[in-house]
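Below is one structure; the comments refer to it alone.
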2 protein chains.
Amino acid sequence: MLLSGAHFAAPGPEKIMASIDRSLVAHLPLFAGLSNEDLTEVLREARSIRVPRNAAVFEQGADASSFFLLLHGHVRATKTTPTGDQIVVRYVVPGDTFGVAPAIGLQHYPATATAVDDSIVLAWPSAAWPRLVARFPSLAANTLQTVGQRLQETHARVIEMSTQQVEQRIAHALLRLANQAGRKLDHGVQIDFPISRQDIAQMTGTTLHTVSRILSGWEQLGLVESGRQKIVLREPHKIVLLAEQSAGDSASRS
Amino acid sequence: MLLSGAHFAAPGPEKIMASIDRSLVAHLPLFAGLSNEDLTEVLREARSIRVPRNAAVFEQGADASSFFLLLHGHVRATKTTPTGDQIVVRYVVPGDTFGVAPAIGLQHYPATATAVDDSIVLAWPSAAWPRLVARFPSLAANTLQTVGQRLQETHARVIEMSTQQVEQRIAHALLRLANQAGRKLDHGVQIDFPISRQDIAQMTGTTLHTVSRILSGWEQLGLVESGRQKIVLREPHKIVLLAEQSAGDSASRS
DNA sequence: CGTCGAGTTGAGACGTCTCAAAACCTGTGG
DNA sequence: CCACAGGTTTTGAGACGTCTCAACTCGACG
């Protein structure tokens with residue numbers, strides 16, 4: 001399962017030969033501390049790839065042949081257990097690195113990355129990592145910071161799952177998504193990519209049924225407006241209150 | 001809340017002036033790729049500190065003045081939420097780094113570290129990190145790998161909490177602890193530091209009551225032998241089976 | 001127009017939590 | 001050396017949140 005060639009032939013991601021727009025990426029955390037020339041040198045080794053909606057960038061367990069930076073679109077990282085259960089690890093937003101298995105010493109991708117939107121990614125061959133790091137040590141330092149932050153976020157998720165009930169967890173998840181990928185509308189904030197109840201269930205450790213019930217409830221109260229793979233937060237502030245609500249104090253019962 | 005001085009005055013950790021035994025640490029992942037002289041130089045900046053049982057190495061939210069390497073003993077890292085809920089992030093075993101907040105760009109410790117055993121730690125001042133990394137880039141690369149691994153482990157924990165029920169999660173937790181800190185006895189494997197039902201509950205996202213009930217059940221079946229802050233796995237293999245058991249297939253009902 | 005994925009909703013089962021009380025163990029101070 | 005104090009563990013009983021199972025609706029797309 002190499003990145004290029006056969007694997008990408010079927011669903012259709014394709015290389016784009018245009019040179020990469022440096023102004024788009026220069027400010028990213030990954031490249032902090034690099035000069036303009038350094039950046040050019042780093043980017044020279046990357047290819048830009050179009051990934052159509054619902055196509056996989058890489059699959060869990062496959063050989064970690066590349067690491068990536070998302071330029072445009074949205075990518076969902078999921079893990080599947082031997083028993084077939086699946087969870088959503090995170091949603092990748094533009095500017096994020098992902099699939100950094102080579103950097104953390106993994107031979108194989110620990111998750112599957114799927115474009116949920118038509119997306120554009122930069123891809124470096126894994127072999128480039130040690131070379132680039134040797135030449136530009138701040139790449140390692142920057143990536144360390146990023147991975148450290150993700151570790152903190154994942155701990156936060158563990159805490160949520162340990163101490164909060166489903167409604168609070170869903171509220172948190174939606175607020176996080178709205179912050180990362182919210183599109184401001186006049187009647188609220190829309191999560192700017194297709195997302196199903198199932199996806200939310202896999203982010204919060206519950207079932208799509210429970211998610212559906214809770215969102216239906218919120219819709220009744222006018223907190224959200226949701227449809228097929230679409231969610232708009234109409235009252236973000238009230239959802240924040242829901243999220244912070246501790247197990248004891250329940251709301252008015254309609 | 002600085003590391004030295006007043007903070008450590010009360011419970012009694014004390015500096016040990018003996019030079020650090022290099023043979024003990026030379027093989028650790030953190031130091032991979034360093035020459036003997038490099039190692040000497042790195043160790044020169046560290047102090048060795050004795051931390052008595054139940055004393056804190058650092059507190060969540062405190063200024064991240066140092067980062068650490070555990071030489072001897074065991075340290076529990078915990079996080080407390082604003083509402084007072086607490087979870088166990090992990091148990092640190094000898095050879096592990098911890099409190100690496102400076103490396104991942106955090107100004108304050110995201111968790112509290114408490115010695116559960118009389119322990120000995122190496123401490124470097126935070127200010128040393130950028131200097132050491134500049135001089136020995138493999139430190140950053142090695143730490144990146146370590147943090148990456150921890151991220152994987154934490155994801156595994158999220159998956160467990162999403163897909164398994166309490167009994168399986170406890171089984172997994174105990175097996176992990178036994179692997180990391182198991183002392184082999186003739187009648188089983190003992191977890192080699194004091195650990196309460198409460199601790200296990202905070203590792204697995206449940207209550208001490210449920211942990212107690214389940215361990216009592218296991219004790220009936222002869223799988224474990226447990227007492228006050230003590231657990232011996234008598235039948236590790238059978239516990240592995242329990243851990244792998246999916247939600248559907250329940251055991252024989254006595 | 002039929003099919004299929006996404007969402008909704010009800011009813012009941014079940015695992016775990018909560019509340020409560022008691023027994024137990026261990027280190028400490030009288 | 002004993003008794004007490006405080007943390008740990010056990011166990012019961014009932015409440016409750018969420019899952020499971022099941023059926024149905026809706027809308028998009030070929």
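Below, all heavy atoms of this structure are taken into account, side chains as well, without hydrogens, waters or symmetry copies. Chain identifiers are assigned alphabetically (A, B, ...) following the order of the sequence lines, protein sequences preceding nucleic acid strands; residue numbering begins at 1 within each chain.
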For Leu208(B) and for Thr210(A), find the nucleotide of DNA chain D with the closest heavy atom, then tell me which residue's nucleotide is more 5'. Leu208(B)
Rounding to an integer number of Å, can you tell me how far Arg228(B) CZ sits from dA23(C) P? 17 Å
Could you tell me how far apart Met161(A) (CE) and dT18(D) (P) are, to the nearest whole angstrom? 12 Å
Could you check how far CD1 of Ile214(B) sits from C1' of dT10(D), rounded to whole Å? 14 Å
Can you tell me the distance, in whole Å, between the CH2 atom of Trp218(B) and the P atom of dT11(D)? 16 Å
Go through the N and O atoms of the side chain of Arg213(B) and the base of dT18(C), and report whether any donor-acceptor pair is under 3.5 Å. yes
Once you measure the plane-to-plane angle for Tyr109(B) and Phe58(B), does it fall in the parallel (<30°), tilted (30-60°) or perpendicular (>60°) bin? parallel
Minimum-distance nucleotide (side-chain atoms of Ser212(B) versus dA6(C), dT16(C), dT11(D)): dT11(D)
Gap between atoms CG and P, on Leu215(B) and dC24(C) respectively (whole Å): 19 Å
Is the phosphate of dT9(D) approached by Arg197(B) (side-chain N or O, under 4.0 Å from OP1 or OP2)? yes
Distance-only donor-acceptor test (3.5 Å): side chain His209(A), base dT9(C): yes
Under a plain distance cut-off of 3.5 Å, with no hydrogens placed, do Ser226(B) and Arg197(B) share a side-chain donor-acceptor pair? yes
Between dT8(C) (P) and Gln229(A) (CD): distance, integer Å: 12 Å
Map Ser196(B) and Thr206(A) onto DNA chain D by nearest heavy atom, then report which one ends up closer to the 5' terminus. Ser196(B)
Taking only the side-chain nitrogens and oxygens of Ser216(A), find out if one of them lies under 4.0 Å from OP1 or OP2 of dT9(C). yes
Look at Glu160(A) together with Arg169(A) and state whether they make a salt bridge at an N to O cut-off of under 4.0 Å. no
Integer-rounded Å distance: dA15(D) C1' and Gln165(A) CD: 13 Å
Whole-Å distance separating the CD atom of Gln198(A) from the P atom of dC19(D): 12 Å
I'd like to know if the side chain of Ser212(A) and the backbone of Leu208(A) have a donor-acceptor N/O pair within less than 3.5 Å. no
Tell me if a side-chain donor or acceptor on Asp118(B) pairs with a main-chain N or O of Arg53(B) at a distance below 3.5 Å. yes
